[in-house]
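Just below is one structure, and these are the notes that go with it.
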There are 2 protein chains.
Amino acid sequence: MWQCQGVIRPAAPATAVRQGSLRELNLAVVLGRIAAAPRPPSRAAVAAATGLTRATVSAVVDDLVAGRLVGESEPAPRTGAGRPARGLVLAGDGPAGLGLEINVDYLAACVVDLAGEVRHHTVRRADLRPVSPADALARLVGLAAAARADAERQGLTLAGAALAVPGLVDAAGLVRLAPNLGWRDVPVPDLLSGHPPLVEPVPGIPALVVENEANLAALGELHAGPDGPVSFLHVSGEVGIGAGIVLDGALFRGVRGWSGEIGHIPVRPDGRPCRCGGRGCLERYAGQEAVLAAAGLDRADLPADTAATRLADLALAEHPATRAALAEAGQALGIAVAGVVNLLDLDTVVLGGGYALLTPWLRPPVLAEVSRRVLTAKWSPVTVRSSALGPEAAVVGAAGSVVRRIVADPVGWLNRTG
Amino acid sequence: MWQCQGVIRPAAPATAVRQGSLRELNLAVVLGRIAAAPRPPSRAAVAAATGLTRATVSAVVDDLVAGRLVGESEPAPRTGAGRPARGLVLAGDGPAGLGLEINVDYLAACVVDLAGEVRHHTVRRADLRPVSPADALARLVGLAAAARADAERQGLTLAGAALAVPGLVDAAGLVRLAPNLGWRDVPVPDLLSGHPPLVEPVPGIPALVVENEANLAALGELHAGPDGPVSFLHVSGEVGIGAGIVLDGALFRGVRGWSGEIGHIPVRPDGRPCRCGGRGCLERYAGQEAVLAAAGLDRADLPADTAATRLADLALAEHPATRAALAEAGQALGIAVAGVVNLLDLDTVVLGGGYALLTPWLRPPVLAEVSRRVLTAKWSPVTVRSSALGPEAAVVGAAGSVVRRIVADPVGWLNRTG
DNA sequence: GCTATTTGTTCAGTGGTTGAATTATTTGAC
DNA sequence: GTCAAATAATTCAACCACTGAACAAATAGC
């Protein structure tokens, strides 16, 4: 056999590999293996899976246990004959991630531990459109402080925080535009600098990452499904429509972090004008306002977060205008998704946010457009399914992004002072 | 400063780092550094850039020189006072990549050395639509043998080959569908197995990779521009329209390698029916047939590879129908590109293949649609430019993909027997 | 209780990097 | 022309982390 098909991936280690990097890399490898294992693995199992020797794995695990990243499970997993294994699990009393979210009609905070368990979750409903950014952030700091106190009561140490915002965020944490909140050029880090820090700083882990909610919601989905797909498109249908793209288990953020603006993909290029300046954007056909209007509902009547529930109720009751509105929205969404799948060759699309509840009615038209328009659909069907977390995906994903970072690169945490 | 914005990138080393991996990784690091340097760097400069010690770099370079991957440049670069540096360059007499291409009306072969120089290039024009896949591949083998002989005459050793095909290729090298060639389910490796091998096998380097031409053309563009962008969309306008997506210097292939089917993104969802089964696909408005028809030309009159030249000539002569046809095609292309940029947040779009010649007329309408429809365009403008390599991008990119792989992971080549 | 079996640890050995000292080679000043 | 300063590259003992084999620990089955 002299032929062989292979992937073209020239991703070399960009950075030099020094003496100590060896241990640093293996800390990440072993920790990642423990995180990915379906059951608590023994040191021997980790050694077999990674190709390291048992001696090395033992040494690495000692470091991880000393750093409160890994613990031994009780009771030990039964294995049959031989000395019983001691199962390794991610520590439930080590570092944790703080997830925060500001949205149109609620604030939320949550804490996720290394193992991915949600250990704290608060949602405070309030219409934030009339509230100034500074005041909104001040309220959020209160939620964060309560979350931190609760986490510490459970023996957890918050190692970093991530804030989900429904808008465009630049690399410095400046919210360039969050139309539904009415924010424009809001410097989140500056506004928070007057408050006590959300978490004690840990080297190598950003104290606060500000990120688009749709991106974090996609990560949340990855986090929720233990053996789900590692590459998918997550579409969040809210007032606007955002998408997060997950490729090989990592969020794809684009050159400046502004990927996923699926709401402004043209689906009717000469159609309805959009406030973005374009015409026929998806948002004008499948966004909350458009669907409510088509269903004959007045959006002033109901808060934004109940719109999806209301639509689902009406659809369930076979309300004709609602059914038609969802069919039209689904078709527009399907046109956009077909383009995305043609471009990126993804095999899974997750409907999240407000769309999660509406999946039963959106899925058929989306699938119809996709199977008609995607060139490769005949060789490999595209799965369209509902989000597991729904509207909570963004906060959970935010907190999860912190712990994912620790698992991927535990050196910062291990080298912390104290 | 307790806040800090960071990228979310949990890409840990999936594989264990063993004792010997240290040297293997540093071979790649040092080689990559030499490849990326604008001028031949000294050992000391490589040490400074990578963080390794001079001692280590010297040892690593010795291995690379012994393996014919690196040489010392003559004359030595002048540096000022002190012992003169010995400049390190990628070897011009070591391994090389063989690039092959089958297209509608030509076969091509080329050889690219480690430094990226094209050392051999042949194009044989012939209408391949009436030729059976087996015969076409047999002719290609002839071209490849000539290329190999020429390469060896120059002291080069072919380490691997890549074949560009205008169609969908699966992981086994099976061409599922190449509509313009009339190919369907053509098992390229099987058909080649009766011929002598294209290259002597090298461990770790696939003897033959079969890949979509648009993907390889995108890589070729990356290869041509020394300090161009590392993330961009490369659109190849031929009979069909394909795109290659390069992210951080690596080709994004999608889950099954079928990414980039931009030709079937819906731009007029209820518009002209497409042979893919959909309606209003970009290809029906900006593909070669559509543009020729709109310009009032009969495509039977001229071979496919001269269509772009002909259109450019007419446009230059201010032929009204041609101008209008290109404006319409550019608008359709702009609608599709706007969707892509909204989704992926890319800042550069390269017009390649037949579009390269037509850029002066396509660029304005594309830019107009993009700036109108891309949400983030006001903060960071999108560059639309012409391909540097034009129609040769795919073969060059194919050959370049082989050498890129060697530079990224030189271990296979170094461990070869002989 | 004995054996087979598997887990986890210990320890000398080794590969590869480190850092300082050394050699090599040039420029520029006196 | 000679010497000092500067930079490049090599040499070598030390050290760090992984390796492999031997060994101790703990259990199931007979």
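Quick note on labels: first sequence line is chain A, next is B, and so on, each numbered from 1.
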Rounded to whole Å, please give me the gap between CZ in B:Arg23 and P in D:dC16. 20 Å
Measure from the side-chain N and O atoms of A:Thr157 to the backbone N and O of A:Pro95, and report whether any donor-acceptor pair falls under 3.5 Å. no
Grab the CZ-C1' distance between A:Arg86 and C:dT6 for me, whole Å please. 14 Å
Of D:dG20, D:dA9, C:dT18, the nucleotide closest to the side chain of B:Ser42 is D:dA9
Please enumerate all protein N or O atoms sitting under 3.5 Å from an N or O of nucleotides 23-25 of chain C, with distances to 0.1 Å.
from: C:dT25; atom 1: O2; to: B:Arg83; atom 2: N; distance (Å): 3.0

Let's see if you can work this out: which of C:dG8, D:dT10, D:dA28 has an atom nearest to the side-chain heavy atoms of A:Arg43? C:dG8
Interatomic distance where CG belongs to B:Leu25 and C1' belongs to D:dC18 [whole Å]: 14 Å
Shortest non-hydrogen pair, A:Arg405 vs A:Ile205, comes out as CD-CG2, 4.3 Å
Step through the shown structure and confirm whether more than 12 heavy atoms of other residues, nucleotides or ligands are within 6.0 Å of CZ on A:Arg33. no
Please classify the nucleic acid contact of B:Arg54 as base, sugar-phosphate, or nothing, using heavy-atom distances under 4.0 Å. base
Do B:Ile34 and B:Leu90 make a side-chain contact, defined as non-hydrogen atoms from C-beta onward lying under 4.5 Å apart? yes
Whole-Å distance between D:dC16 P and A:Leu27 CG? 16 Å
So, OP1 or OP2 of C:dT17: does either fall under 4.0 Å of a side-chain N or O from B:Thr56? no
Out of C:dT9, C:dT18, D:dC18, minimum distance to the side chain of A:Ser58 belongs to C:dT9
For atom CD of A:Glu24 and atom P of D:dA17, their distance in whole Å: 10 Å
Are the side chain of A:Gln154 and the backbone of A:Asp93 linked by a donor-acceptor contact shorter than 3.5 Å? no
Just the rounded figure in Å: distance from P of C:dT14 to CG of A:Leu22. 19 Å
Compare side-chain N and O positions of B:Asn26 against OP1 and OP2 of C:dT17 and report whether any pair is under 4.0 Å apart. yes
Between B:Arg18 (CZ) and C:dT14 (P), how many Å, whole number? 17 Å
From C:dT18, C:dT9, C:dT10, nucleotide with atom closest to A:Ala55 side chain: C:dT10
Rounded interatomic separation in angstrom, taking CG from B:Asp63 and C1' from C:dT17: 13 Å
Electrostatic pair B:Arg253-B:Glu211, nearest N-O below 4.0 angstrom: yes
Note: for A:Ala44 and B:Thr53 on DNA chain C, the residue whose nearest nucleotide lies more 5' is A:Ala44
Considering non-hydrogen atoms only, spot the tightest contact between A:Pro229 and A:Leu222 and give its length. O-CD1, 3.9 Å
Taking for each residue the nucleotide of DNA chain D with the nearest heavy atom, is it A:Gly51 or B:Asp62 whose nucleotide lies nearer the 5' end? B:Asp62
